[in-house]
Protein chains: 2
Amino acid sequence: MIPIEEAVGAISAANRIAIATHVSPDSDALGSLLGLGIGLRAIGKQVALLCDDPVPVKLRFLPESASVASSTDLQPELFIGVDASDPQRLGACSTDWLSSGIPVINIDHHITNLNFGTVNVVDPQAAATTEILPLLLDGLGIVMTQDIATCLATGLVGDTRSFSTSNVTSNTLQVAARLVEAGIDLAGITETTLHRRSVPILRLWGLGLVNLTLDSGVIWTAISLAARREIGMRDSGDIGLSNILISAEEANVAAVFTEQPDNRIDISFRARPGYDVAGVALSLGGGGHTQAAGCLLEGTLEEIVERVVPLLKAQAQPPAQKE
Amino acid sequence: MIPIEEAVGAISAANRIAIATHVSPDSDALGSLLGLGIGLRAIGKQVALLCDDPVPVKLRFLPESASVASSTDLQPELFIGVDASDPQRLGACSTDWLSSGIPVINIDHHITNLNFGTVNVVDPQAAATTEILPLLLDGLGIVMTQDIATCLATGLVGDTRSFSTSNVTSNTLQVAARLVEAGIDLAGITETTLHRRSVPILRLWGLGLVNLTLDSGVIWTAISLAARREIGMRDSGDIGLSNILISAEEANVAAVFTEQPDNRIDISFRARPGYDVAGVALSLGGGGHTQAAGCLLEGTLEEIVERVVPLLKAQAQPPAQKE
């Protein structure tokens, strides 16, 4: 049982509340932080909204996102962590409050959650932390306004990639239905959260796709540091290309090799359902899930491709043909 | 009011029923045809499932899709058209039955529906025809099985692009929640319906993205017939590239120019919300919606790009700067 009543009791007893979310915040982190924060302010609480990192540009459409900060003068009587499975993920902004002895409510949906709170509102069945929050808001008598619903829907859409992940349940969709009733622009939220990218990213996709190779059920491509610099891309993060490659009907396993400075190659692996790339990633010192994994290796692009592709081919055979 | 009772009455009175959907069937067309057909068979009706065109390969995972045909020996007592706004869209397989004098039930969600049936179950508020069908199935006492729910969900996911279009309502999501309760694999349906494409299409995307141009809020690319042939793509249909281009943060209007045989250029236009490409398409002899339109022009790629891009630039200025 999720202890909603205990959480309601702890919140009702406090006037000054700090809410924090995890470093490198995504849409569920910020949707949870802001949705809950706006709700608590609406019932008269003084609320500090904390995050070590700034709100990403594309999530600044979220109401009250300008009030997220990395520290606060508020002396909170209660601390709430949202969408973080352990205290470390909550970053430096939370360290003092977590060790101050005030009650801690831990609201999260990760199955790996360490239950670090005084009250742990943790539901691994939920597809997003924002899927859990309506229960708490209802318990507190907070009206589901359009602003709150916009924040919660952004978390849902982001974590489920628009209701397309395998952890979407009937409840996820019922919560979404309720948020739409509150008057949100779901199409706009989806477009902003999932379907906006820069022209340099599109150019890199182009380069990666033009140079793709398909062989024995494996599809892969490599992006050199020089190409990335020529296009004007500084950051080396995931640009979504591996997700595009694994959409190929002809492939069961996909990999994107991205050259980094200092003779290192970042590899992003993807597998179709029924196939597994976690083992390969793990054997190369990386990690991840069955369907999405990654690792970082030393060497040139050519060397690493030559070393890794044969490992992937072994994973890309239809199950009936495997040993 | 949608006359569900009349439709239930007409279906209850008939034993032999022909159901047809529109030519070039998409996921909503086939999801409606098969979902309703499986349901009617479950309550003992003899059902013919009609469509002029074969089921596209990627939709052959739909239960009973192998029983769709372009003609039937069944002498139906009742004809049902699904997802078609007018009789012509139902194709040659339907002509005889539409003029035979038997009752016709017209089930559709297009606002342009001509109400050509004896009973018209038409709801333009529905995001897909499959969103309407649960009402009818309930009226007939048909149990929502996993097979039926799979068909209906495929229609919902296809027509709403995974719940991301602006016509998604609270009801759309409530229907989806109910279908998930019936035990469907929503993630699998979404992947198969929306996120599978061939390697030649990925290569064409690459070519289009490598050669894109961004200027004054317009993003465009051109694909020559020679390039398409080299990649091994025969068909000239929409490969989804215009949807990718309009995802660029820097652009308000997008166009893909695709060279066709016989000195013709197919152009696919896209606009961000708040911008309009319907006018340009119309002025060039084409048509479409505000956000998505197209036309076919005579000329070389270079000539047509030079002629059309200035028209697009005029549409790509932020509203405040327009006259």
Side-chain angles (χ1 to χ4, degrees), chain A residues 57-58 157 160-182 185-214 219 221 231 243-251 272-273, chain B residues 57-58 157 160-182 185-214 219 221 231 243-251 272-273:
Chain A
V57 173
K58 73 172 184 172
V157 165
T160 66
R161 302 199 65 75
S162 192
F163 310 104
S164 70
T165 53
S166 58
N167 58 352
V168 167
T169 64
S170 178
N171 186 65
T172 317
L173 292 158
Q174 276 160 5
V175 167
R178 187 176 162 197
L179 301 178
V180 168
E181 294 220 332
D185 173 15
L186 182 64
I189 288 169
T190 307
E191 202 214 331
T192 307
T193 308
L194 299 180
H195 302 311
R196 311 271 333 141
R197 44 190 73 95
S198 69
V199 166
I201 283 181
L202 292 181
R203 290 191 199 279
L204 264 193
W205 281 10
L207 207 67
L209 293 173
V210 159
N211 296 325
L212 70 82
T213 306
L214 173 74
I219 188 167
T221 195
I231 282 170
N243 289 329
I244 297 182
L245 288 189
I246 197 60
S247 76
E249 287 157 0
E250 298 87 341
R272 292 181 62 177
Chain B
V57 173
K58 73 171 185 174
V157 165
T160 66
R161 303 199 65 75
S162 192
F163 310 103
S164 71
T165 54
S166 58
N167 58 352
V168 168
T169 64
S170 177
N171 187 64
T172 317
L173 292 158
Q174 277 160 5
V175 167
R178 186 176 162 197
L179 301 177
V180 168
E181 294 219 334
D185 173 14
L186 183 64
I189 289 170
T190 307
E191 202 214 330
T192 307
T193 308
L194 299 180
H195 302 311
R196 310 281 318 150
R197 44 191 73 96
S198 69
V199 166
I201 283 181
L202 292 182
R203 290 191 199 279
L204 264 193
W205 281 10
L207 208 66
L209 293 173
V210 159
N211 295 325
L212 71 80
T213 307
L214 173 74
I219 187 166
T221 195
I231 283 170
N243 289 328
I244 297 182
L245 288 189
I246 198 60
S247 76
E249 288 158 358
E250 299 87 341
R272 292 181 62 177

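We name chains A, B, ... by the order of the sequence lines, and we start the count at 1 in each one.
Here OG1 of A:Thr221 is found 10.5 Å from CG of B:Leu202. Values are rounded to the nearest 0.5 Å. The distance from the CD atom of A:Gln174 to the CD atom of B:Glu181 is 6.0 Å, given to the nearest 0.5 Å. From A:Arg197, atom CZ reaches atom CD of B:Glu250 across 11.5 Å, with rounding to the nearest 0.5 Å.
Only the backbone of A:Thr165 comes within less than 4.5 Å of a heavy atom of chain B; no side-chain atom from C-beta onward does. Of the atoms belonging to A:Leu186, it is side-chain heavy atoms, and not backbone ones, that fall under 4.5 Å from chain B. Residue contact with chain A, scored on non-hydrogen atoms closer than 4.5 Å, involves the backbone and the side chain of B:Ser170 alike. Proximity to chain B is absent for every atom of A:Thr160, based on heavy atoms less than 4.5 angstrom apart. Neither the backbone nor the side chain of B:Leu194 comes within less than 4.5 Å of any heavy atom of chain A.
Judged purely by atom type and a 3.5 angstrom limit, A:Arg203 uses its side chain to pair as donor or acceptor with the backbone of B:Leu212.
Interface check for chain A: of the options B:Leu207, B:Asn167, B:Leu209, the most heavy-atom pairs under 4.5 Å are formed by B:Leu209. Comparing A:Leu179, A:Leu214, A:Val180 by how many heavy-atom pairs each has under 4.5 Å with chain B, the most go to A:Val180. Note on A:Ala248, A:Ser166, A:Gly188: by heavy-atom pairs under 4.5 Å with chain B, the leading option is A:Ala248.
A:Glu191 pairs in a side chain to side chain contact (heavy atoms under 4.5 Å, CB included) with only one of the listed residues (B:Ser164, B:Pro273, B:Ser247), which is B:Pro273.
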